[in-house]
Structure formats: C-alpha cells, structure tokens
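Okay, structure first, notes after.
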2 protein chains.
Amino acid sequence: MLSNSCRYGIRAVIYIASRQKASGKTGIKAISEALELPTPYLAKILQQLARHKILHSAKGPHGGFSMLRDPAKVTLLDIIEIIDGSDFFRNCIIHDGNCSCIDKNILPCPIHDEYGALRSGLIELFKNRTIYDMAKKANENSSVTI
Amino acid sequence: MLSNSCRYGIRAVIYIASRQKASGKTGIKAISEALELPTPYLAKILQQLARHKILHSAKGPHGGFSMLRDPAKVTLLDIIEIIDGSDFFRNCIIHDGNCSCIDKNILPCPIHDEYGALRSGLIELFKNRTIYDMAKKANENSSVTI
DNA sequence: TTAAAATCGGATAAAAGAATATTTTTCTTT
DNA sequence: AAAGAAAAATATTCTTTTATCCGATTTTAA
C-alpha cells in the first residue's frame, strides 16, 4: 500500500522526533544505520521532506536533520501525501482514477460502498496519528519497533 | 493498493462471469474492448488465471474465456492472491516483511493495533465478495461499472 | 484446410528503488 | 582570516520491477 520511500520516510521522521529532546539534530548516517536503510536513498527522501517544511536540515559539522514542524502537528497523512501523493485516498479499488464518491460523473464499482468505508477508516487513522504520538510510544515503550 | 494487473484481472473475470449465461465464452478482444484495457497485456493476465483454474480458455473459432470454477465460489481474495500475492495481507504498514501478528519474534510497530484492525476488515471484504455477487450486480443494476 | 482464436517468447518503455560521485555549506582549527 | 574537514545537497547512473506491445506458433471448429 505505501511505497518503500514512504515507509522509509515515516520511520525516519519518527526516529528523528524520538531523538530530538535528547540530542537535537540527527545525522543521516545515524538514521540509516539505526533503521537499517540505504543511506543515499534515505537522504533523497529526507530532502523531499525538508523542502516541504516537515524537517529542518543543517549542513556542515554537527549538521543533520531535526523536526521543523511541531511533531504533534505532523500526521502520518501529511507524510504520505508528500511522498506517495493522495491518489490512494481518492481512487476506486478496481478502476483507474477517481472513485465515484469524488467524481460524481462516474458510476460506482460493485464494491464501492464497502470499500469506501474501509478507505475512510484508513484516512482517519492516518489523519489522527501524529509523529509525536509515535515517537513518544517508541521512547517510553521499548516493546515497539520503528 | 492493488496492481494494474490485478485490477484488470478482477474486472475481466467479473465481465466474463456476467456474460456467461447469455453467451458462454467471451473472446479476449471483446473483453479488452468493453473494459478499455490493453489486449495483449490482459491476455497474459487471463492466461495466468487459466493456469490457476479460475478460468477456462478455448482456442479456435468461437473460442474464448469462460469461468472454470463456480463464480459463487471465487472470491476477490482468490484473484488478488494469484496475481499480486499475499504480501499485503501479511505485512506491517511501515516495515518490510511480516507483521508482528504473523511473526511473533517481531516487535509491533507504533500503529500495529489500529492498522491491524483495518487490514483485517479488508481481508474479510475480499474474502466475502464473490465474482457471482459482483457479476449479478453488474447485470441487474446498470448503475454500476465493471 | 482455413480462419479464428489463445499461447508463448521476447522486446520495449516507464517507474521505482538504490548506489556513486561531485558540489556546496558550515563548522573548527590554525 | 584562511584552510581543512564534516556533513548534507545535488546530479548522474545503474538495476529491478511493472507495464505494455508484438510476432510467431499452436490449437481447433467449421
């Protein structure tokens, strides 16, 4: 459902937020080692999030990434929309393009109603979970993996 | 969420089932024209479904595809598993590989419980909707699109 | 035996994923 | 202040996967 890029991005942001208090900025190397992700690929993703003002990035010695926006105000949905776009949230499950509940000129597919309800549930979940929530969980509860 | 191949396959099977009563076999050309799908690509997908005994295929004049298994006993999940595999139903939302509820050695991710519930809902939906249901809907209800 | 169909193998294109090399910025040290 | 080093940013290239197309072959009913 979510692309690799998107999952990497989400995990990295949670990690950055979870270390914010203790150590300020976190270098790309530290992140990719901790999460076991390919460094240059992750760098590209974090650059994208920095351009979208989710993260702050600092070059030079002791540089690295930190949260620019308040983690409590960044939702999963924000990150997903930046990296994967919002097609998923608008599309029908068996057709290209918009779902009939977005484009009223399209007739619904045979499982429109049931799928629509589940899709709404997903959107709500993504909209309600903030980076703050998840970073906190990761910090105080060691039985959780980022 | 579902690949193009998978969505094409589902729609084609519904179409074949919906025409079964009236006209028996349906040719690949007729299907791809009706659903506006690329003919040779669709052919490959249908061959795959034929190998997995969902469809029957007949060469020669008046050949074409028809349902091999009873449409009432073919679920969406059956088709999805053949074409896209079952990774989606086993995976965590932010990690590669199995979810912690499949592999007990893995610690859950920070949104494991909430996502798990929604994922189960999707699986149930895919398991409960049969090709028969959807073909019937398409036949008797012209305000639905395959 | 011919024409209509599916089948099969490979060719091509586009997108996603990943790695390498270079450049730019900024801190630190002299 | 200048030089050097550390870090991210950018650009380029490579690989893999997904999507698509095409030509040749096989099958089979009329």
Side-chain angles (χ1 to χ4, degrees), chain A residues 1-13 15-16 23-33 35-68 80 82-85 87-88 95-97, chain B residues 1-13 16 19 23-33 35-68 80 82-85 87-88 95-97:
Chain A
M1 176 158 66
L2 302 179
S3 69
N4 278 358
S5 303
C6 192
R7 292 186 288 113
Y8 293 178
I10 290 168
R11 294 174 59 200
V13 172
Y15 185 72
I16 292 165
S23 42
K25 300 183 195 313
T26 311
I28 182 76
K29 208 68 173 293
I31 303 169
S32 61
E33 269 167 26
L35 305 182
E36 298 183 332
L37 300 177
T39 311
Y41 186 42
L42 182 61
K44 242 182 201 172
I45 297 164
L46 296 189
Q47 284 158 30
Q48 197 179 353
L49 292 173
R51 280 195 298 276
H52 281 85
K53 311 290 185 195
I54 302 285
L55 296 177
H56 174 257
S57 74
K59 294 182 177 183
H62 306 116
F65 292 90
S66 58
M67 296 298 300
L68 180 55
I80 295 170
I82 289 171
I83 300 178
D84 279 353
D87 280 1
F88 173 76
H95 293 116
D96 280 336
Chain B
M1 174 159 64
L2 302 180
S3 68
N4 277 0
S5 302
C6 192
R7 292 186 287 112
Y8 292 179
I10 291 169
R11 293 175 59 202
V13 172
I16 291 165
R19 312 226 318 166
S23 43
K25 299 181 193 319
T26 310
I28 181 79
K29 208 70 173 294
I31 303 169
S32 62
E33 270 167 25
L35 305 182
E36 297 181 338
L37 300 176
T39 310
Y41 186 42
L42 182 61
K44 254 188 189 165
I45 298 164
L46 296 190
Q47 283 159 32
Q48 197 180 353
L49 293 173
R51 280 195 298 275
H52 281 85
K53 311 290 185 194
I54 301 284
L55 296 178
H56 174 256
S57 73
K59 293 183 176 182
H62 305 115
F65 291 91
S66 56
M67 297 297 298
L68 179 55
I80 294 170
I82 289 172
I83 300 178
D84 278 354
D87 281 1
F88 173 76
H95 294 115
D96 280 338

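So you know, we letter chains A, B, ... as the sequences are listed, proteins then strands, and number each from 1. Everything numeric here is computed off the predicted structure, so don't read it as measured data.
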As an exercise, state the distance from [atom1] of [X] to [atom2] of [Y], rounded to the nearest 0.5 Å.
X: A:M1; Y: A:F88; atom1: CE; atom2: CZ; result: 5.0 Å
X: A:D96; Y: A:D87; atom1: CG; atom2: CG; result: 10.0 Å
X: A:L35; Y: A:I10; atom1: CG; atom2: CD1; result: 12.5 Å
X: A:S32; Y: A:Y8; atom1: OG; atom2: OH; result: 11.5 Å

Between the protein and nucleotides 22-27 of chain C, list the N/O to N/O atom pairs that are separated by less than 3.5 angstrom.
none

Using every non-hydrogen atom in the two residues, find where A:C6 and A:D84 come nearest and quote the distance to one decimal.
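The answer is CB-OD2, 3.3 Å.
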A:V13 and A:M67: which non-hydrogen atoms are nearest, and at how many Å?
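Nearest pair, atom of A:V13 first, then A:M67: CG1-SD, 3.8 Å.
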Between side-chain atoms of residues 41-62 of chain B and protein atoms elsewhere (two or more places apart, or another chain), which donor-acceptor pairs fall under 3.5 Å?
{"from": "B:Y41", "atom 1": "OH", "to": "B:S5", "atom 2": "OG", "distance (Å)": "2.4"}
{"from": "B:Q48", "atom 1": "NE2", "to": "B:I82", "atom 2": "O", "distance (Å)": "3.3"}
{"from": "B:H52", "atom 1": "ND1", "to": "B:Q48", "atom 2": "O", "distance (Å)": "3.1"}

Spacing of B:L55 atom CG relative to C:dT7 atom C1', expressed in whole Å:
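Between C1' of C:dT7 and CG of B:L55: 15 Å.
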May I have the distance from B:K29 (atom NZ) to C:dA5 (atom P), rounded to whole angstrom?
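Computing the B:K29:NZ to C:dA5:P distance gives 9 Å.
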How would you list, by chain and number, every residue that makes a side-chain hydrogen bond (donor to acceptor under 3.5 Å, both in side chains) with A:S66, sequence neighbours excluded?
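Not a single residue meets the side-chain hydrogen bond (donor to acceptor under 3.5 Å, both in side chains) criterion with A:S66.
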Under the salt bridge (charged side-chain N to carboxylate O under 4.0 Å, His left out) rule, collect the residues that match up with B:R11, sequence neighbours excluded.
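Testing B:R11 for salt bridge (charged side-chain N to carboxylate O under 4.0 Å, His left out), a comparison that skips the adjacent residues, returns none.
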So what does B:I28 touch, heavy atoms closer than 4.0 Å: a base, only the sugar-phosphate, or nothing?
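Result for B:I28 = sugar-phosphate.
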Protein and nucleotides 14-18 of chain C: nitrogen or oxygen contacts under 3.5 angstrom:
{"from": "C:dG17", "atom 1": "OP1", "to": "A:N4", "atom 2": "N", "distance (Å)": "3.3"}
{"from": "C:dG17", "atom 1": "OP2", "to": "A:S5", "atom 2": "OG", "distance (Å)": "3.4"}
{"from": "C:dA18", "atom 1": "OP2", "to": "A:Y8", "atom 2": "OH", "distance (Å)": "3.2"}
{"from": "C:dA18", "atom 1": "N6", "to": "A:K44", "atom 2": "NZ", "distance (Å)": "3.4"}

Between B:I31 and B:L37, is any pair of side-chain heavy atoms under 4.5 Å apart?
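Not touching, per the 4.5 Å side-chain cut-off.
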Return the 5'-most residue of the pair B:A43, A:T39 with respect to DNA chain C, ranking by each residue's nearest nucleotide.
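The residue closer to the strand's 5' end, by nearest nucleotide, is B:A43.
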Give the first and the last nucleotide of DNA chain D, reading 5' to 3', that has any atom under 4.0 Å from a heavy atom of chain A.
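Listing 5' to 3', DNA chain D meets chain A from D:dA6 to D:dT12.
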